[in-house]
Amino acid sequence: MPIFIDRRLNPKDKSLGNRQRFLKRAREELKRSIRDRVRAGGIADLDREHAVPIPRKGTSEPTFSDAKDSGRRQHILPGNKTFNSGDLVPKPSGGGGAGASAPGTTESEDDFRFVLSREEVLDLFFEDLELPDLVKLSLKQMLSFKPKRAGFAASGAPTNINVGRTMRNSHGRRIALRRPKRAEVEALARQIAELEAKPPNARTHERIVALREELDRLERRRRRIAYVDPVDIRFNRFDPQPRPNASAVMFCLMDVSGSMGEREKDLAKRFFVLLHLFLTRRYERTEIVFIRHTHEAKEVDEHTFFYHTQSGGTVVSTALEEMHRIIEERYPASEWNIYAAQASDGDNFATDSERCIELLDRRLMRLCQYFAYVEIIDERESHIFGSTENGTSLWRAYNAVDQKWPSFQMRRIAAPADIYPVFRELFARQPDLRKSA
């Protein structure tokens, strides 16, 4: 009979290896389910556990079987008193086989539900997305290394001793070598003390001598077999994982003026929630700057950006000017990869739209690696703005920037279902974008 032994390391969870293999096999089905939920508007559910129904045909396990044309096999086949060779088996009564929708009394098997952790959901959702044209600039040849757990080792620094694994090895070795337990030694010592307290006689003396010899043997064996031997000691192992030492900053610019209704603000916030999850999950050293604007622009914190209400007139150029001021003060382009994402309904003064073109063309696009503009439009008017020439004054102005700068991209969102496809178009892996001179 063949024996299969799995010697792969599995440091934390006994089922970790099986779980990873299942994720690899069912990856497409899991990703499809997560994307469907986001398209339905459940972006807030992305940052939590997610139960995914998997069809039964996707959960079959590989099996080993004997070769039919080799080897020697013995079979024991039970007999029966009802059927002979060639007889037809009648269809079960009750109607409806496994998987049938009609009611019946036969048993069937439901689809398998697999629960993904928060980390697994985000990994699957963002696995093929990245910040376009992320280069290292002045830090091009530098790499930082981050230690990552990689099982156990037989040698290492004393501070990395894994007490649990060490004591487990010690316990197994003492059982295998039959090291006497302390309770056995103490029991013999009590027996000897009880016998010595009795009146002396020849039989008692012989019994005491035998017990002392046994006690001496057990103590010698306990001394030879150490409680913790150097062979038992295990150390936590850490392998250095190289990480690009590139610094990046993302500017999030959102229009919160009076022309942005609750629907428009909700769609813009959902887009930025998705962007925020993407950045915090994929990039450890990416800073995020939040800017809200009406007729005035102001840098705010994350909570204010997503939850505070504000209204007023619309002057889009104030947000671009605030972004440029912050770059000049805190994020020099020679040391930082600079990105920006802007969301607006496109309502702006024509003269200010010309000012936006000037700021982007002469200042910001020369500093930015990538600039994404998302315009929130009315779902009923989406067919009117089908071409790039049609649309609001800000859209037409930004179209001139889009024609000149390959690192500038613009898209429209009309409904919650558009958020994820637009997001993927803007941040899917693609060839590096080279900035114009």
Side-chain angles (χ1 to χ4, degrees), residues 1-27 30 47-50 52 59 61-64 112 114-127 142-189 214-246 280-285:
M1 177 183 295
I3 299 176
F4 301 92
I5 301 176
D6 189 349
R7 300 187 183 277
R8 288 169 290 189
L9 294 178
N10 202 359
K12 293 183 179 180
D13 190 347
K14 291 183 178 180
S15 63
L16 178 61
N18 292 333
R19 186 179 184 86
Q20 294 300 323
R21 287 191 291 273
F22 177 79
L23 286 175
K24 183 178 180 180
R25 291 169 49 205
R27 181 173 298 274
L30 297 173
D47 196 22
R48 63 185 65 177
E49 289 186 350
H50 182 53
V52 181
T59 61
E61 293 290 341
T63 58
F64 293 95
F112 172 67
F114 186 76
V115 178
L116 293 168
S117 67
R118 172 184 178 274
E119 290 74 16
E120 291 168 340
V121 170
L122 295 178
D123 282 341
L124 288 171
F125 189 73
F126 295 127
E127 68 174 358
M142 296 178 61
L143 288 177
S144 61
F145 292 88
K146 181 178 180 180
K148 183 179 180 180
R149 277 294 304 273
F152 304 96
S155 60
T159 56
N160 290 334
I161 291 179
N162 188 291
V163 178
R165 180 53 64 97
T166 298
M167 297 310 298
R168 186 189 306 175
N169 294 343
S170 170
H171 184 65
R173 179 183 54 80
R174 284 184 274 117
I175 292 177
L177 297 179
R178 298 182 180 180
R179 183 180 189 267
K181 299 180 180 179
R182 181 180 295 276
E184 298 178 10
V185 176
E186 293 176 350
L188 283 178
E214 178 65 14
L215 178 62
D216 183 62
R217 186 185 69 82
L218 293 181
E219 289 180 342
R220 290 198 309 270
R221 188 169 182 81
R222 279 176 60 83
R223 287 192 296 269
R224 288 198 304 268
I225 303 175
Y227 188 83
V228 177
D229 193 88
V231 74
D232 303 328
I233 300 177
R234 291 295 180 270
F235 300 83
N236 292 325
R237 178 184 171 188
F238 297 89
D239 286 346
Q241 298 292 327
R243 293 178 177 271
N245 195 19
T280 54
R281 180 62 183 173
R282 291 295 302 273
Y283 301 97
E284 293 185 357
R285 298 198 58 197

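- Here the straight-line distance linking atom CD1 of Ile233 with atom CG of Asn162 works out to 11.5 Å at 0.5 Å rounding.
- Under the rule for a side chain to side chain contact (heavy atoms under 4.5 Å, CB included), the partners of Ala157 that lie at least two apart in sequence or sit in another chain are Thr159, Asn160.
- In this structure, Arg165 satisfies the cation-pi test against Phe152, with its NZ or CZ atom closer than 6.0 Å to the six-membered ring centre and inside 45 degrees of the ring normal.
- With a 4.5 Å cut-off on side-chain heavy atoms, Arg234 and Thr166 count as touching.
- Distance check, rounded to the nearest 0.5 Å: CZ of Arg149 to CZ of Phe238 gives 5.5 Å.
- Between the side chain of Arg179 and the backbone N or O of Ala176, no donor-acceptor pair lies under 3.5 Å.
- Within the structure, the salt bridge (Lys or Arg N to Asp or Glu O under 4.0 Å) test picks out the following pairs touching residues 215-230 (sequence neighbours left out): Glu214-Arg217, Asp216-Arg220.
- Every side chain to side chain donor-acceptor pair (under 3.5 Å) that Ser170 has, sequence neighbours left out, goes to Arg174.
- Considering only residues two or more places apart in sequence or on other chains, Asp232 meets the side chain to side chain donor-acceptor pair (under 3.5 Å) condition with Arg173.
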